[in-house]
Amino acid sequence: MWAGRVGCRRGSAGQGDPTDTAERQEGPAPAMEGRQCYDLLVIGGGSGGLACAKEAAQLGKKVAVLDYVEPSPRGTRWGLGGTCVNVGCIPKKLMHQAALLGVMIRDAPHYGWGVAQAPHDWATMADAVQNHVKSLNWGHRVQLQDRKVKYFNVKASFVNTHTLCGVSKGGEETLLSAEHIVIATGGRPRYPTHIEGALEYGITSDDLFWLKESPGKTLVVGASYVALECAGLLTGLGLDTTLMIRSVPLRAFDQQMASLVIEHMAGHGTRVLQGCAPERVEKLPGRQLRVTWVDLASDRKDAGTFDTVLWAIGRVPETASLNLEKAGVRMNPVTGKILVDAQEATSIPHIYAIGDVAEGRPELTPTAIMAGRLLAQRLSGQTTDLMDYNNVPTTVFTPLEYGCVGLSEEAAVARHGEEHVEVYHAFYKPLEFTVPQRDASQCYIKMVCLREPPQLVLGLHFLGPNAGEVTQGFALGIKCGASYQQVMRTVGIHPTCAEEVAKLRISKRSGLDPTVTGC
Ligand code: FAD
Ligand code: NDP
């Protein structure tokens with residue numbers, strides 16, 4: 001909790017507090033006189049940082065946010081709001097929607113609309129998406145101003161445990177001190193270091209959504225959220241897209257669901273190369289790139305030409321420029337993420353880390369936001385509630401969306417033993433797929449439960465249209481400890497895909513055909 005605005009006194013020469021080990025070891029920082037003083041400094045104006053700063057300011061604290069976007073290696077840059085707003089959830093979901101519209105245009109004549117399939121224009125879509133993102137950048141600035149949060153467009157690094165140095169684009173330095181500091185610097189896409197031409201010729205999700213022109217024929221390397229979503233939306237926009245997976249797709253997810261996601265993508269236009277790893281990217285005369293890869297099982301080499309190579313092989317936490325050693329903040333040497341406890345506190349009790357940069361946290365916007373808000377409320381003495389990272393719902397926005405909450409079938413079996421787990425499942429056909437005769441082979445739901453009555457629901461997995469909307473509602477039930485029997489007594493909303501969850505009668509153990517027939 002706050003004990004008054006003491007940060008400035010602590011930060012001054014020779015007056016380090018007892019926890020101020022780094023300051024004591026390294027001595028006082030130079031020229032501390034011009035410092036500005038706050039109750040709370042937040043490094044990073046993304047999902048977590050902005051939520052924390054706004055909440056603390058609303059609770060009467062003097063708060064500043066320091067945010068700085070290092071351009072991508074390709075020179076792409078953006079404004080305030082962090083990954084989600086600029087190069088993540090928002091542009092991704094809008095481009096996913098653009099791709100879904102293509103499917104609907106194909107369905108439309110079956111429903112009587114006299115529309116012809118028209119080629120998609122990337123530039124128009126990109127312009128609209130980018131304009132929306134810019135409006136969100138502006139909205140965030142206005143919100144900070146309205147809540148009297150001071151915004152510094154500077155790159156922050158620690159001077160000591162209570163003081164930060166912010167450096168502007170022009171090189172101007174500002175010293176800022178506070179009683180509490182929150183690190184919410186997120187992460188950036190990883191480039192492979194061992195592949196010749198990867199950095200020189202490849203792009204990442206930091207660039208894709210800001211391209212003015214179509215990426216053309218694209219190779220997407222990776223097998224998790226970003227790779228699958230990007231490959232899915234590019235395919236949906238009519239681009240020749242190859243997805244290169246080195247091992248298994250969606251490793252952290254239920255593997256039956258992951259296989260169905262890939263099966264659907266492969267059946268709807270994405271070329272999937274599984275068990276392959278890229279080795280080299282070369283520039284050919286003109287725009288094209290030649291990529292050489294190896295099939296890991298046979299060791300056979302192959303090659304192809306692409307207009308764009310998109311690396312989607314994970315993210316690196318943004319800690320390198322923070323000078324964490326000056327504050328004594330400890331990191332996991334393997335992941336590079338900041339070690340935190342249940343209070344989100346780092347190894348230095350008044351320095352916190354939230355969101356993607358914190359060790360062991362889901363890399364999702366809503367968890368970063370909720371963690372930030374709760375932290376501000378705890379610091380203000382409004383609550384003692386901790387962020388609950390269990391049963392966090394999520395959706396992978398692939399062409400057929402996959403939403404889930406709770407345990408995968410594998411995790412449930414590993415935790416409780418196969419004899420104690422009952423899985424109810426169904427292959428269903430969304431009503432709207434019937435008239436245009438859309439393929440529904442992969443529309444599938446499974447609910448993972450304990451076998452003993454009342455059969456607590458451990459996990460729900462939904463593959464189908466609007467999976468995010470469906471999963472969000474059921475997430476509440478699972479958070480409240482819903483049982484299978486309670487879900488079965490929930491009246492469905494007819495005709496929807498979500499009602500199929502409340503109709504899951506066939507258990508895997510029964511061996512009966514789980515295909516839903518009739519109404
Ligand atoms: P960020 O939002 O990354 O914000 C960190 C900010 O700190 C950035 O602005 C950064 O420039 C700044 N910064 C870094 N270092 C410094 C420094 N030294 N000084 C000052 N500023 C600094 N999540 C979902 O929930 N749903 C989705 O659909 C979804 N889609 C995604 C799609 C893609 C392509 C990607 C990449 C991510 C997606 N995510 C999604 C994840 C989500 O975007 C992140 O989990 C979320 O943005 C993390 O928030 P954060 O506050 O931890 O960090
Ligand atoms: P992840 O860390 O989830 O996955 C990295 C993927 O890249 C894995 O499939 C991994 O394969 C593969 N990979 C790693 N190194 C290589 C390599 N050298 N060559 C080939 N493949 C490689 O990363 P993402 O960037 O996809 O996602 C980051 C996070 O962002 C997610 O965890 C998620 O929380 C968040 N996000 C959320 C979204 C949503 O909510 N819809 C959407 C997008 C992102 P392997 O398994 O073999 O190691």
Side-chain angles (χ1 to χ4, degrees), residues 42-52 65-71 77-93 95-96 140 152-158 164-167 182-195 198 204-206 208-209 220-230 233 244-253 258 275-278 293 296 311-323 353-358 361-369 371-372 392-398 401-403 467-468:
V42 178
I43 316 174
S47 308
L50 289 176
C52 184
V65 169
L66 296 77
D67 187 67
Y68 187 86
V69 179
E70 199 65 61
R77 53 179 82 228
W78 52 87
L80 182 64
T83 303
C84 173
V85 167
N86 295 284
V87 286
C89 330
I90 300 300
K92 178 279 305 288
K93 183 83 189 287
M95 292 195 183
H96 170 63
H140 279 304
F152 292 92
N153 185 199
V154 294
K155 187 170 184 171
S157 60
F158 280 88
L164 300 174
C165 177
V167 182
V182 173
I183 305 168
T185 48
R188 296 295 289 266
R190 182 189 303 280
Y191 268 93
T193 48
H194 59 289
I195 298 172
T204 68
S205 53
D206 276 0
L208 180 70
F209 307 115
V220 179
V221 182
S224 193
Y225 280 91
V226 175
L228 267 55
E229 290 184 344
C230 291
L233 71 86
M244 189 177 288
I245 299 174
R246 73 170 175 188
S247 59
V248 295
L250 295 175
R251 182 182 292 284
F253 291 82
C276 295
W293 63 86
L296 295 165
W311 302 108
I313 59 166
R315 297 173 63 78
V316 185
E318 273 276 271
T319 52
S321 61
L322 286 173
N323 268 342
I354 55 170
D356 286 10
V357 78
R361 304 308 191 214
E363 294 182 9
L364 296 171
T365 281
T367 50
I369 290 175
V392 169
T394 183
T395 289
V396 188
F397 293 97
T398 33
E401 298 171 2
Y402 167 34

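Count residues from 1 along the sequence. Read the numbers this way: they start at 1 and go in the same order the structure lists the ligands and their atoms.
Of all heavy-atom pairs between Pro189 and Ser205, the closest is CG-OG, 3.9 Å. In this structure, Leu66 and Ala156 approach most closely via the heavy-atom pair CD2-CB, 3.7 Å.
Each of the following atoms of ligand 1 lies closer than 4.0 Å to a heavy atom of Gly355: 52 (O). Near Val69, the atoms of ligand 1 lying under 4.0 angstrom from a non-hydrogen atom of the residue are 11 (O). Residue Arg315 approaches ligand 1 through these ligand atoms, each under 4.0 Å from one of its heavy atoms: 36 (C). For ligand 1, the atoms sitting less than 4.0 Å from at least one non-hydrogen atom of Gly48 are 51 (O), numbered in the order shown with element in parentheses. Ligand 1 places these atoms under 4.0 Å from at least one heavy atom of Glu318: 14 (C), 15 (N). For ligand 1, the atoms lying closer than 4.0 Å to a non-hydrogen atom of Glu363 are 41 (C), 45 (O). The Ala184 neighbourhood of ligand 1 comprises atoms 4 (O), 5 (C), 6 (C), 7 (O), with distances under 4.0 Å to a heavy atom of that residue. Within ligand 1, the atoms closer than 4.0 Å to a non-hydrogen atom of Pro366 are 25 (O), numbered from 1 in the order shown.
For a threshold of 3.5 Å applied to N or O pairs, the pair formed by His194 and ligand 2 contains no separation below that value. Not a single N or O atom of Lys155, backbone or side chain, sits closer than 3.5 Å to an N or O atom of ligand 1. Of the N or O atoms in Asp356, one or more lie within a sub-3.5 Å distance of an N or O in ligand 1. The shortest N or O to N or O distance between Glu229 and ligand 2 is under 3.5 Å.
Rounding to the nearest 0.5 Å places CG of Leu364 at 10.5 Å from CD1 of Ile369. Rounded to the nearest 0.5 angstrom, Lys92 NZ and Leu208 CG are separated by 11.5 Å. Taking CG of Asp67 as the start and CG of Leu50 as the end, the distance is 7.0 Å to the nearest 0.5 Å. To the nearest 0.5 Å, the span separating CG on Leu228 from CG on Leu250 amounts to 5.0 Å. Remark: Asn86 CG to Asp206 CG distance equals 9.5 Å, nearest 0.5 Å.
Looking only at protein heavy atoms, the nearest one to atom 2 (O) of ligand 1 is Thr83 N, 3.0 Å. Of the protein's heavy atoms, Lys92 NZ, 2.9 Å lies nearest to atom 30 (N) of ligand 1. Of all protein heavy atoms, the one closest to atom 13 (N) of ligand 1 is Tyr68 O, 3.6 Å. Of the protein's non-hydrogen atoms, the one nearest atom 33 (C) of ligand 1 is Gly88 CA, 3.4 Å. In this structure, atom 31 (C) of ligand 2 lies nearest to the protein heavy atom Tyr225 CD1, 3.4 Å. Nearest non-hydrogen protein atom to atom 16 (C) of ligand 1 is Thr185 CG2, 3.6 Å. Of the protein's non-hydrogen atoms, Gly44 CA, 3.2 Å is the one closest to atom 7 (O) of ligand 1.
Both the backbone and the side chain of Cys84 come within 4.0 Å of ligand 1, counting heavy atoms alone. Contact annotation: for Ile43 versus ligand 1, heavy atoms closer than 4.0 Å belong to the side chain alone. In Arg246, the part holding a heavy atom less than 4.0 Å from any atom of ligand 2 is the side chain. Under 4.0 Å from ligand 2, the heavy atoms of Ala312 that appear belong solely to its backbone. Neither the backbone nor the side chain of Asp356 comes within contact range of ligand 2; no heavy atom lies under 4.0 Å. Only side-chain heavy atoms of Phe397 come within less than 4.0 Å of ligand 1; its backbone N, CA, C and O stay farther off. Under 4.0 Å from ligand 2, heavy atoms of Ala223 appear from its side chain as well as its backbone. Contacts between Met244 and ligand 2 below 4.0 angstrom, taking non-hydrogen atoms only, are absent altogether. Contact annotation for Thr365 and ligand 1: heavy atoms of both the backbone and the side chain come within less than 4.0 Å of the ligand. For Arg190, no heavy-atom contact with ligand 2 is shorter than 4.0 Å.
Between the Trp78 side chain and the Val87 main chain, no donor and acceptor come within less than 3.5 Å of each other. In this structure, the side chain of Arg188 engages the main chain of Glu70 through a donor-acceptor pair within 3.5 Å. Of the possible donor and acceptor atoms, none in the side chain of Glu318 sits under 3.5 Å from a partner among the backbone N and O of Gly186.
The heavy atom nearest to atom 6 (C) of ligand 1, considering only Thr367, Ile354, Leu66, Asp67, is found in Asp67. Counting only non-hydrogen atoms, the option in Ser224, Pro278, Gly314 that gets closest to atom 8 (C) of ligand 2 is Ser224. Nearest residue to atom 12 (C) of ligand 2 from Val226, Ile313, Thr367 is Ile313 (criterion: closest heavy atom). Distances from atom 4 (O) of ligand 1 to the heavy atoms of Gly46, Gly186, Ser47 put Gly46 nearest. Considering only non-hydrogen atoms, atom 39 (N) of ligand 1 lies nearest to Cys89 out of Gly166, Cys89, Gly187. Here the shortest heavy-atom distance to atom 47 (O) of ligand 2, taken over Pro366, Ala277, Ser247, Ser205, belongs to Ser247. Counting heavy atoms only, Ala156 comes closest to atom 18 (N) of ligand 1 of the residues Pro91, Ala156, Gly79.
The shortest heavy-atom distance from Val154 to ligand 1 is under 4.0 Å. In this structure, Val87 has a heavy atom closer than 4.0 Å to ligand 1.
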Check the pair Ser224, Arg315 against side chain to side chain contact (heavy atoms under 4.5 Å, CB included), reporting the backbone distance first and the verdict last. CA-CA 11 Å; Ser224 193; Arg315 297 173 63 78; over 6 Å; no
Go through the steps to decide whether Asn153 and Tyr68 satisfy the test side chain to side chain contact (heavy atoms under 4.5 Å, CB included), and finish with yes or no. CA-CA 6 Å; Asn153 185 199; Tyr68 187 86; 4.1 Å; yes
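Between the side chains of Tyr225 and Thr394, at least one donor-acceptor pair of N or O atoms lies under 3.5 Å.
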